Amino acid sequence: MAAVSLVKAPIGQGLRPAGHNNPRRGGGVVRCSLQGSVVGSRTEWLTSCAVLSSKVAALVSHSTNGHVAAAATNGAMLDLVPVNGTNGGARNLPAPLRIADLSPAPMHGSELRVAYQGVPGAYSEKAAGKAYPGCDAIPCDQFDVAFQAVENWVADRAVLPVENSLGGSIHRNYDLLLRHRLHIVGEVQLPVHHCLLALPGVRKEDIKRIISHPQALAQCEHTITRMGLNVVREAFDDTAAAAEYIAANGLRDTAAIASSRAAELYGMEVLADGIHDDCGNVTRFVMLAREPIVPRMDRPFKTSIVFAHDKEGTSMLFKVLSAFAFRDINLTKIESRPHRPIRLADDASSGTAAKTFEYVFYADFQGSLADPRVQNALAEVQEFTSFLRVLGSYPMDMTPMTAGSSSTVTSSNSSPAPSSSR
Ligand SMILES: O=C(O)C(=O)C[C@]1(C(=O)O)C=C[C@@H](O)C=C1
């Protein structure tokens with residue numbers, strides 16, 4: 001099917017850092033400049049850049065850093081590191097890298113590369129487009145891969161779902177936020193509009209099985225039952241991958257829950273439109289970057305934290321919550337997750353099991369890290385806890401949830417997003 005061959009294959013596990021012969025990304029150039037300047041000697045740097053320059057100039061259509069891309073298209077590889085004009089006779093010698101050269105933000109109009117989990121047509125791709133209009137959306141086969149893509153400079157940002165208004169939290173991503181060192185730099189809320197997709201000509205009566213992402217299955221549970229569909233439900237990695245699978249295997253007894261864009265991409269028909277159980281079906285995504293943004297006070301901000309306490313019986317949670325309550329700081333979410341499971345204590349005397357789990361708590365509140373009230377609250381929280389980490393302080397998504405706001409379509413060919421603090 002022509003549509004299938006047009007879409008990008010997701011990045012899989014075993015990511016190599018940008019610059020390790022990743023032809024799709026053309027990252028080799030970046031490796032040269034970063035490694036040579038930071039790690040290697042000046043002579044090594046010059047030699048390796050000279051050898052590489054002729055070979056890689058043509059390769060660099062995308063790069064980790066827009067500065068590099070611009071230099072390569074001009075055919076002047078030594079501009080990789082800008083030549084310092086005040087350098088007297090040594091005009092061909094590279095000047096040292098500056099902080100600006102290492103900026104994760106793209107420069108010279110290059111596209112921001114945004115990793116998401118799923119294949120094209122997934123809601124996460126649409127969320128990436130809403131967060132960064134005109135970005136180059138990079139599909140990844142797992143959430144963990146999207147985190148690694150940013151850490152390894154294969155992508156500039158990741159956009160990942162954390163909660164849905166019907167299905168609840170996406171726990172995997174909370175766990176990964178703790179395990180990885182990325183920063184939350186923004187959020188987007190995406191209205192999710194599910195359709196039932198099947199191959200052309202397939203009728204509802206033919207369907208024996210519905211496949212989709214577990215969240216999507218959960219969000220349509222009642223509607224499917226009400227439609228009288230007597231089917232088995234099966235979990236899939238993402239909604240669009242479910243549609244792609246049916247199309248690729250010509251399955252006429254299976255339907256997918258996915259977006260209308262997935263129907264277009266994979267040559268499927270929409271059997272039923274809007275099958276989510278509630279019209280206010282919204283998924284919240286967070287935008288992740290290697291560096292935090294500078295918190296501001298001139299617009300509504302949200303801050304996300306994670307904390308834990310290693311001693312029992314000290315009313316830690318009550319104290320933490322009161323640190324916010326007494327300052328009128330509005331908590332928008334709190335979630336506990338089991339951390340390191342502890343084996344059952346073999347308490348022979350009582351025969352009872354002692355502690356089996358430890359918990360970490362994730363909390364979101366309205367307020368900016370730049371706000372002294374927030375700083376004081378966090379200082380207090382730190383006293384009550386044994387572990388506290390700020391995951392990010394970022395602008396709240398204030399977009400009104402109208403029907404029209406769900407139709408933002410990601411296009412990697414449109415003009416780059418206006419630069420912002422994200
Ligand atoms: O499967 C997709 O299309 C996704 O983008 C994932 C996901 C999720 O993880 O919750 C995103 C939004 C919807 O809530 C359903 C699924």
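Predicted model only: the values in this text are computed from it and were never measured. One-based numbering, in listed order, for ligands and for the atoms of each.
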side-chain hydrogen bond (donor to acceptor under 3.5 Å, both in side chains) pairs, two or more places apart, involving residues 366-381: R327-E380, N330-Q366, D371-R373

Which pairs of N or O atoms, one from ligand 1 and one from the protein, are separated by less than 3.5 Å, and what is the distance for each pair?
from: ligand 1; atom 1: 1 (O); to: T239; atom 2: N; distance (Å): 2.8
from: ligand 1; atom 1: 1 (O); to: T239; atom 2: OG1; distance (Å): 3.4
from: ligand 1; atom 1: 3 (O); to: Y123; atom 2: N; distance (Å): 2.9
from: ligand 1; atom 1: 3 (O); to: T239; atom 2: OG1; distance (Å): 2.5
from: ligand 1; atom 1: 5 (O); to: Y123; atom 2: N; distance (Å): 3.4
from: ligand 1; atom 1: 5 (O); to: S124; atom 2: N; distance (Å): 2.8
from: ligand 1; atom 1: 5 (O); to: S124; atom 2: OG; distance (Å): 2.6
from: ligand 1; atom 1: 9 (O); to: H213; atom 2: NE2; distance (Å): 3.3
from: ligand 1; atom 1: 14 (O); to: Q219; atom 2: NE2; distance (Å): 3.0
from: ligand 1; atom 1: 14 (O); to: T283; atom 2: OG1; distance (Å): 2.8

salt_bridge(E221, R233) N-O dist < 4.0 Å: yes

Crowding at CG, D298 (>12 non-hydrogen neighbours, <6.0 Å): yes

Atom CZ of F326 with >12 non-hydrogen neighbours under 6.0 angstrom: no

Parallel, tilted or perpendicular: rings of F365 and F324 (30°, 60°): tilted

Check ion pair E335-K333 (N to O, under 4.0 angstrom): yes

